[in-house]
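Encoded as C-alpha cells, the structure appears first; notes follow it.
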Amino acid sequence: MNQIWNNFINWMPQLLGGAKITIGLTILSVSAGFIFSVFLALGKIAKNKILNSICSFYIFFFRGTPLLLQLYFIYYALPDFCPALTIGSPFLAAFIAFTLNSSAYLAEVVRSAIISIDRGQIEAALSLGLSRRQAISHIVIPQAIPRLLPPLGNEFILVLKDASIVSIIALQDITKVTQNIASGSASRLVYIPAMILYLVITAFFSWTFRKLEKKSIAYTEK
C-alpha cells in the first residue's frame, strides 16, 4: 500500500503538468468559441440570406461531424490539402479544432437566448432612436447572459473531458501523460489519480459557473 501511495505522489507532478495543458486548452478554446458564436448566431438570425446560409452551413457542418475527425483533418490532412496551412504545434491545432467545434454548438445556444427575449423590447429601443445593433448589444445581450451561463458551463465541462482526444496528436494533456506513465511504469493504477484529477477540475469549474449564474441573476433582478 505504501508503494502505491508513493507512486501516486511521484506521478502527480506529471499529471498536474498535463492538467495545465487540459485546462488552458479548454479555457482558450471555449472563450474564443463563445466570441465567434455570437457572430454566428447573429448571422443565422440576420435577414441577409447569404450570411444566414453561410452561418447555418457552418453550424451544420461542425455539429454534424465528429470532433476527432476535425482534429485529424486540421493536424494531419490539412498539410496534404495545402502545405502552406501546415500547423506544427499540436496545441495550436487542438485550439483551432476545439474553437471551431465549440463555436458551432454555442451559436445555437446564443441564438436561442437572443430570440427568447421579447421582441417588443427591441421595437421599443428602435422607437427611441437606437439602431438595431445598439438594441441587441445594450438591451438583448445583457438580458441573455444569465440564460447563456448554464449551457455555457455545460459546454465548458464537455470540452474539458473531450480534450482527452488531443492525445492522438501527442499533446501532453492529462490523458497523454497518464498513458505515458502507464506504459513506462507498467502500472495501470495511474488511471486512478488521473480520473480523480479530472473530477476535481470538473467540480471546481461546475462550482464556478454556478456562482457566476447566481451573481448574474441577482444583478439582472436589481
Side-chain angles (χ1 to χ4, degrees), residues 1-37 62-63 65-76 87 89-106 108-109 148-215:
M1 192 65 184
N2 288 335
Q3 182 61 41
I4 294 175
W5 179 249
N6 289 334
N7 285 337
F8 283 8
I9 294 175
N10 292 332
W11 294 333
M12 197 51 64
Q14 299 176 65
L15 292 173
L16 291 176
K20 292 180 181 179
I21 299 295
T22 298
I23 295 172
L25 175 62
T26 302
I27 292 175
L28 290 174
S29 58
V30 175
S31 298
F34 176 69
I35 295 171
F36 190 24
S37 72
F62 282 98
R63 283 168 61 96
T65 55
L67 175 58
L68 180 61
L69 290 183
Q70 295 166 16
L71 181 59
Y72 262 126
F73 178 80
I74 290 173
Y75 191 66
Y76 291 115
I87 301 175
S89 168
F91 186 89
L92 179 58
F95 167 73
I96 293 172
F98 276 72
T99 296
L100 296 177
N101 185 273
S102 184
S103 65
Y105 281 92
L106 290 174
E108 285 299 300
V109 172
L148 287 172
L149 284 175
L152 180 61
N154 290 337
E155 175 66 12
F156 189 94
I157 299 304
L158 288 173
V159 171
L160 181 68
K161 292 185 290 186
D162 286 344
S164 60
I165 69 172
V166 300
S167 59
I168 65 168
I169 58 173
L171 186 59
Q172 299 295 315
D173 72 317
I174 297 175
T175 300
K176 184 61 176 177
V177 169
T178 302
Q179 293 172 343
N180 292 342
I181 295 173
S183 61
S185 64
S187 174
R188 303 297 182 265
L189 293 176
V190 66
Y191 290 106
I192 296 175
M195 288 189 291
I196 292 173
L197 188 56
Y198 270 113
L199 286 173
V200 170
I201 296 171
T202 300
F204 173 77
F205 283 107
S206 296
W207 174 83
T208 300
F209 274 100
R210 283 197 299 270
K211 287 290 186 182
L212 290 174
E213 183 183 353
K214 289 180 180 178
K215 285 186 178 181

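All residue numbers refer to positions in the sequence shown, counting from 1. Just so it is clear, the structure is predicted and the values come from calculations on it, not from any experiment.
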> What heavy-atom pair brings A163 and V166 nearest, and what distance separates the two atoms?
Replying inline: O-CG2, 2.9 Å
>> Among residues at least two apart in sequence or on other chains, which ones pass side-chain hydrogen bond (donor to acceptor under 3.5 Å, both in side chains) with T208?
In response: none
> How long is the span from the CG atom in L199 to the OG atom in S206, to the nearest 0.5 Å?
Replying inline: 10.0 Å
> Taking it one step at a time, do I201 and T22 satisfy side chain to side chain contact (heavy atoms under 4.5 Å, CB included)?
Replying inline: CA-CA 10 Å; I201 296 171; T22 298; 5.6 Å; no
> Rounded to the nearest 0.5 Å, what separation is found between the OG atom of S89 and the CG atom of L171?
Replying inline: 7.5 Å
> Taking the side chain as C-beta and beyond, is there a heavy-atom pair between D162 and T26 under 4.5 Å?
Replying inline: no
>> To the closest 0.5 Å, what do you measure between CZ (F205) and CZ (F156)?
In response: 4.0 Å
> For I87 and Y75, which heavy atoms make the closest approach, and how far apart are they?
Replying inline: O-CE1, 3.4 Å
>> Show the nearest heavy-atom pair for residues T202 and L160, with the distance to one decimal.
In response: OG1-CD2, 3.6 Å
> How about Y72 and I169: do any of their side-chain heavy atoms sit closer than 4.5 Å?
Replying inline: no
> Between atom CD1 of I165 and atom CG of L71, what is the distance when rounded to the nearest 0.5 Å?
Replying inline: 5.0 Å
> Do you know the tightest heavy-atom contact between P193 and W11?
Replying inline: CG-CE3, 4.2 Å
Which atom pairs, donor and acceptor, lie under 3.5 Å between side-chain atoms of residues 174-182 and protein residues at least two apart or in another chain?
residue	atom	partner	partner atom	Å
T175	OG1	Y198	OH	2.9
T178	OG1	I174	O	2.7
N180	ND2	Q172	OE1	2.9
N180	ND2	K176	O	3.4

> Atom CH2 in W207, atom CG in L212: separation rounded to 0.5 Å?
Replying inline: 9.0 Å
> Do side-chain atoms of S37 reach the backbone of F34 as a donor and acceptor pair under 3.5 angstrom?
Replying inline: yes
Please set out all donor-acceptor pairs under 3.5 angstrom arising from side-chain atoms of residues 90-106, sequence neighbours excluded.
residue	atom	partner	partner atom	Å
T99	OG1	F95	O	2.7
N101	ND2	F62	O	3.2
N101	ND2	Q70	OE1	3.1
S102	OG	E155	OE2	3.1
S103	OG	Y58	OH	2.9
S103	OG	T99	O	3.2
S103	OG	L100	O	2.8
Y105	OH	R63	O	3.4

>> Measuring only between side-chain heavy atoms, which start at C-beta, is L16 closer than 4.5 Å to L197?
In response: yes
>> Could you walk me through whether D173 and L25 satisfy the side chain to side chain contact (heavy atoms under 4.5 Å, CB included) test, starting with their C-alpha distance in whole Å, then the side-chain angles of each, then the deciding distance to 0.1 Å, before giving a yes or no?
In response: CA-CA 9 Å; D173 72 317; L25 175 62; over 6 Å; no
